[in-house]
Amino acid sequence: MAKANLIDNLNRALPAAARKALTAIVQDAQGEALAIYLVGGSVRDLLLNRPTLDVDLTLEGDAPALARRVAFGLEDVRCIIHSVFGTATLKGANFRLDLATARVETYERPGALPSVHPGSLQDDLFRRDFTVNAMALALTGDQRGAITDPFDGKSDLEAGLLRVLHEASFRDDATRILRAARYGSRLSFRLEPKTMRWLRRDVTYLEAISGPRIREELARLWREPQPERILLRLSELGALQAIHPTLSFDGSQAEAFGKLREIHATPSRTVYLALLAWKASQPEATALATRLALNKRETEAVRAVAEVRALERDLSAEVRPSRAVELLSPFPSAAVWALAAAGQESARVQASRYLRRWRYVKSSLDGHALLAMSAIPGPQLGQVLRRLKAAKLDGEVRSRRDEERLARELLHAGARTRT
Ligand code: ATP
């Protein structure tokens with residue numbers, strides 16, 4: 001592809017507001033005689049002609065200062081600065097541009113966060129995970145349109161290979177193992193043989209990676225169209241077990257991921273986590289939640305999975321809707337979605353009916369309506385409301401008039417037992 005075309009293609013792919021912000025960034029950098037580059041996945045995707053998801057820019061200079069100057073002159077653009085990391089994000093309604101000061105990273109011990117210092121473009125490319133992510137496209141100066149590719153990422157791109165930049169890469173940062181599986185699946189790339197050997201050798205370094213970092217990588221994984229393919233690969237590589245001994249993933253769970261997307265267009269990561277923990281006992285789920293530094297909501301969903309799984313037998317095809325609601329409503333909906341995807345046939349059907357319809361069913365009469373019918377405030381009121389809701393769920397009443405009739409009967413029967 002001709003050089004200038006890459007920048008044209010980039011601009012064409014961006015929404016108008018993002019194009020305007022990028023132009024302002026480039027003009028500012030040029031005015032200050034700073035070199036700015038498109039880097040990482042954005043260059044890879046541009047060369048592959050794939051839709052660019054992110055725009056990642058690297059600057060040999062102070063990125064937050066440049067971002068601040070540019071945002072000042074743009075309407076409806078927010079500027080978020082992370083001074084400690086020397087990074088900034090410009091956020092518009094429909095775009096996001098990330099700017100980072102070019103940096104050197106050094107790892108004091110495996111799994112630790114790297115120490116970061118400002119550096120050159122070369123340093124910045126050298127800290128990256130795979131050769132195909134270690135290319136830069138110059139956006140300023142005489143080099144505008146030229147690609148810097150110190151590790152011959154272009155050849156790997158053409159060959160469909162993921163290759164680490166050096167032998168200690170996975171040891172320095174074992175999250176790259178998770179990234180390798182993710183890019184492999186997304187791009188349909190293979191691991192280059194030496195990279196594969198080093199990955200297998202160093203897979204246990206995942207043990208040293210902190211929960212929040214694993215959780216962050218998992219969050220990226222859930223955004224992929226078929227996360228199950230990546231999880232199967234990671235399981236095969238022994239990576240899941242290295243993260244936590246109770247973590248496993250097999251073909252039946254992969255199938256459940258597919259079924260989940262048939263009934264839910266955009267599953268949340270909490271639902272995916274519940275499915276990942278589908279086979280865990282409650283103590284195992286608790287240990288897993290701690291290991292993955294899950295938040296409260298995710299922990300509750302993962303911990304509920306064992307109990308929800310135990311409901312499978314009770315949720316036969318004959319179970320009344322009111323009974324299904326009684327059984328399922330105490331649990332977080334994410335755990336019930338997991339049941340709707342991974343359970344036995346009849347439990348799946350009942351769980352999805354619950355999620356889609358039954359959990360929203362309410363009686364047409366509320367407490368006020370019952371009081372107006374001479375109900376006496378107290379526990380009986382709640383009982384009648386629950387009974388009305390069950391009758392509606394089970395199709396015993398079909399209209400408001402039916403419900404009023406039933407309410408009168410119930411209140412009358414209640415009054416008789418009191419006298
Ligand atoms: P993409 O590569 O498509 O941007 P992504 O959404 O995972 O994928 P990030 O995780 O934000 O993007 O990473 C952006 C770039 O930063 C990557 O292309 C890679 O060059 C680099 N990078 C991110 N994480 C690491 C890591 N742990 N080690 C080395 N390089 C990394």
Side-chain angles (χ1 to χ4, degrees), residues 10 13-14 37-59 63 80 82 85-89 91 95-107 110-116 119 121-137 147-151 153-154 156-157 161-189 195 198-199 202 205-206 208-210 212-225 227 230 234 239 243 269:
L10 171 66
L14 295 176
Y37 303 87
L38 185 75
V39 283
S42 331
V43 180
R44 177 199 68 220
D45 289 342
L46 208 52
L47 287 167
L48 286 173
N49 228 344
R50 286 171 64 94
T52 306
L53 300 173
D54 306 312
V55 174
D56 282 323
L57 301 167
T58 288
L59 175 76
I80 305 148
H82 303 283
F85 302 110
T87 62
T89 302
K91 247 187 173 172
F95 74 90
R96 170 195 171 111
L97 300 176
D98 286 309
L99 270 107
T101 303
R103 62 188 194 253
V104 197
E105 286 183 353
T106 44
Y107 292 85
L113 282 176
S115 327
V116 176
L121 174 71
Q122 294 290 331
D123 295 326
D124 200 273
L125 295 179
F126 191 75
R127 72 179 175 85
R128 290 178 185 264
D129 44 8
F130 304 103
T131 59
V132 294
N133 287 342
M135 293 181 273
L137 172 69
I147 289 214
T148 306
D149 180 15
F151 304 98
K154 250 190 194 164
D156 286 337
L157 210 57
L161 288 176
L162 289 173
R163 184 194 305 268
V164 283
L165 310 191
H166 56 91
E167 188 178 341
S169 183
F170 293 124
R171 213 175 301 173
D172 281 348
D173 180 357
T175 64
R176 291 171 186 164
I177 294 171
L178 310 183
R179 301 178 65 83
R182 183 159 58 84
Y183 287 126
S185 162
R186 189 201 300 169
L187 304 169
S188 301
F189 276 23
T195 297
W198 295 334
L199 184 153
D202 293 339
Y205 283 91
L206 274 166
I209 302 291
S210 71
R213 292 195 67 212
I214 300 276
R215 182 168 176 267
E216 209 176 291
E217 278 305 328
L218 284 179
R220 293 191 169 102
L221 196 144
W222 306 135
R223 291 199 285 269
E224 298 291 326
I230 308 168
L234 288 171
I243 293 172
R269 65 182 179 199

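Atoms within each ligand, like the ligands themselves, are counted from 1 in listed order.
Under the salt bridge (charged side-chain N to carboxylate O under 4.0 Å, His left out) test applied with E217, the options R176, R179, R223 reduce to a single match, R179. Partner of D156 under the side chain to side chain contact (heavy atoms under 4.5 Å, CB included) criterion, out of R44, R163, M135: R163 alone.
For the pair I147/L137, a side-chain contact is recorded, criterion being any heavy-atom separation below 4.5 Å from C-beta on. Taking the side chain as every heavy atom from C-beta outward, L121 and V39 approach each other to under 4.5 Å. Here the side chains of T131 and L165 are in contact, with some heavy-atom distance below 4.5 Å.
Near T175, meaning under 4.0 Å from any of its heavy atoms, are these atoms of ligand 1: 27 (N). Of all atoms in ligand 1, listed by their number and element, those nearer than 4.0 Å to a heavy atom of R44 are 1 (P), 2 (O), 3 (O). Of all atoms in ligand 1, numbered sequentially from 1 with element shown, those under 4.0 Å from a heavy atom of R176 are 26 (C), 28 (N), 29 (C). Distances below 4.0 Å separate heavy atoms of R127 from the following atoms of ligand 1: 29 (C), 30 (N). The atoms of ligand 1 that sit less than 4.0 Å from any heavy atom of R186 are 3 (O), 8 (O). Numbered from 1 in the order shown, with element, the atoms of ligand 1 that lie under 4.0 Å from a heavy atom of R128 read 15 (C), 16 (O), 19 (C), 20 (O), 21 (C), 29 (C), 30 (N). Within the listing of ligand 1, atoms 5 (P), 7 (O) sit less than 4.0 angstrom from a heavy atom of R182.
Among E217, R179, E105, the residue whose heavy atom sits closest to atom 24 (N) of ligand 1 is R179.
Listed by chain and residue number, E192 satisfy the side chain to side chain donor-acceptor pair (under 3.5 Å) test with T195 (two or more places apart in sequence, or in another chain).
With a 4.0 Å cut-off on non-hydrogen atoms, D173 touches ligand 1 through its side chain and not its backbone. Under 4.0 angstrom from ligand 1, the non-hydrogen atoms of Y183 all belong to its side chain.
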Check against side chain to side chain contact (heavy atoms under 4.5 Å, CB included), I243 and L234:
CA-CA 10 Å; I243 293 172; L234 288 171; over 6 Å; no
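A distance below 6.0 Å separates the ring centres of F151 and F126.
For ligand 1, the polar-atom distance check finds an N/O of G41 within less than 3.5 Å of one of the ligand's N/O atoms. The shortest N or O to N or O distance between R213 and ligand 1 is not below 3.5 Å.
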